[in-house]
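Every number for a ligand or one of its atoms is a count from 1 in the order of the listing. The first residue of the sequence shown is numbered 1, and numbering continues consecutively from there.
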Amino acid sequence: MRKPLLAGNWKMNLGIEDSLKFVMRFLRALPNHVKPDIVICPPATSLYTVSVALSEQNRVVLGAQNCHWEESGAFTGEISPAFLSELECKYVIIGHSERRQYFLETNDILNKKLAAALKSGLIPIYCIGETLDERKAEKTLAVIEKQLAEGLGSLNFTGQNLVLAYEPVWAIGTGQVATPEQAEEVHVFIREWVKKNKSSELASHLRILYGGSVKPDNIRQLMDKPNIDGALVGGASLSVESFLELVSLDKD
Ligand code: PGA
């Protein structure tokens, strides 16, 4: 049985003061019965403050949005996985489509980042997904397979130290959520790939999140699908109320 996971990706939103306000309000309002694992991924500048704010409890954990693949060195502006671990980050998002698109991160680069994150004991949330043109050209599964093979093929990981997120690029920030059937089809494909290329045991334990315009009014139908184990949420994680609603859902 895979434990659901809800991760909020704040992207380049909420400075230090707003991050702290969010976390204080969120923790105060979070009901005791909430079951999924909850991860908050603030911008890098807020990580320390949020880490301190989360330190007295274990219900919400910290994630980063990116990292470099080296432990230290002459890489101006970059942050190493070791520094994130020092900040008590447990998760790190790797290969978000905005990083692929705007910062030209390739599968080869992401493979190095994934290896480095795993080595530092961080749990990568590795994002994969097709663009609208690729979907229209019926290349979705080929794109996903390439992202899996080149990103993960060479790595050793388990169902405990890595999470996958299927995020169709056309659904991110657009309000155009994938239908539960479209998402489930790709999640099944991903799980099958893991089974074939790694092991059945790993495939059955690995959590695969869906991401792209997840909101309180569409999460139920997505989570009802057997292979969707949670969500990576952008816009709807920026409001305490909607993120609370999202994390309050469990799989039946
Ligand atoms: P969205 O973003 O929920 O705003 O579509 C999802 C993501 O980018 O992870």
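- In K215, the NZ atom is crowded: over 12 heavy atoms of neighbouring residues, nucleotides or ligands sit closer than 6.0 Å.
- Classification of D37 and R207 as a salt-bridged pair holds, one side-chain N sitting under 4.0 Å from a carboxylate O.
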Hey, mind stepping through R59 and V34 against side-chain contact (heavy atoms from CB on, under 4.5 Å) and telling me if it holds?
CA-CA 9 Å; R59 307 174 65 209; V34 163; 4.3 Å; yes
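- Considering both main-chain and side-chain atoms, G211 never comes within under 3.5 Å of ligand 1 through any nitrogen or oxygen pair.
- Residue contact annotation: A236 has no non-hydrogen atom under 4.0 Å from ligand 1.
- Put simply, part of G212 is less than 4.0 Å from ligand 1, judged by heavy atoms.
- Residue contact check for ligand 1: K215 places no non-hydrogen atom closer than 4.0 Å to it.
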Let me check something: any side-chain donor-acceptor pairs from residues 67-74 under 3.5 Å, sequence neighbours excluded? List them with distances.
unit_1, atom_1, unit_2, atom_2, d
H68, ND1, E70, N, 3.0
E71, OE2, K119, NZ, 3.3

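- Close contacts of ligand 1 with G173, meaning ligand atoms under 4.0 Å from a residue heavy atom, involve 1 (P), 4 (O), 5 (O).
- Of the protein's heavy atoms, G234 N, 2.8 Å lies nearest to atom 3 (O) of ligand 1.
- Nearest to atom 9 (O) of ligand 1 among the protein's heavy atoms is E167 OE2, 2.7 Å.
- Ligand 1 lies less than 4.0 angstrom from a heavy atom belonging to A171.
- Atom 4 (O) of ligand 1 has as its closest protein heavy atom G235 N, 2.8 Å.
- Using a 4.0 Å cut-off between charged side-chain N and carboxylate O, R191 and E184 make no salt bridge.
- When hydrophobic side chains of Ile, Leu, Val, Met, Phe, Trp and Tyr are connected at separations under 4.5 Å, V169 ends up as a singleton with no cluster partners.
- At least one N or O atom of S213 sits closer than 3.5 Å to an N or O atom of ligand 1.
- A salt bridge links E98 with K11: at least one charged nitrogen is closer than 4.0 Å to a carboxylate oxygen.
- Annotation: K11 places an N or O atom under 3.5 Å from an N or O atom of ligand 1; distance criterion only.
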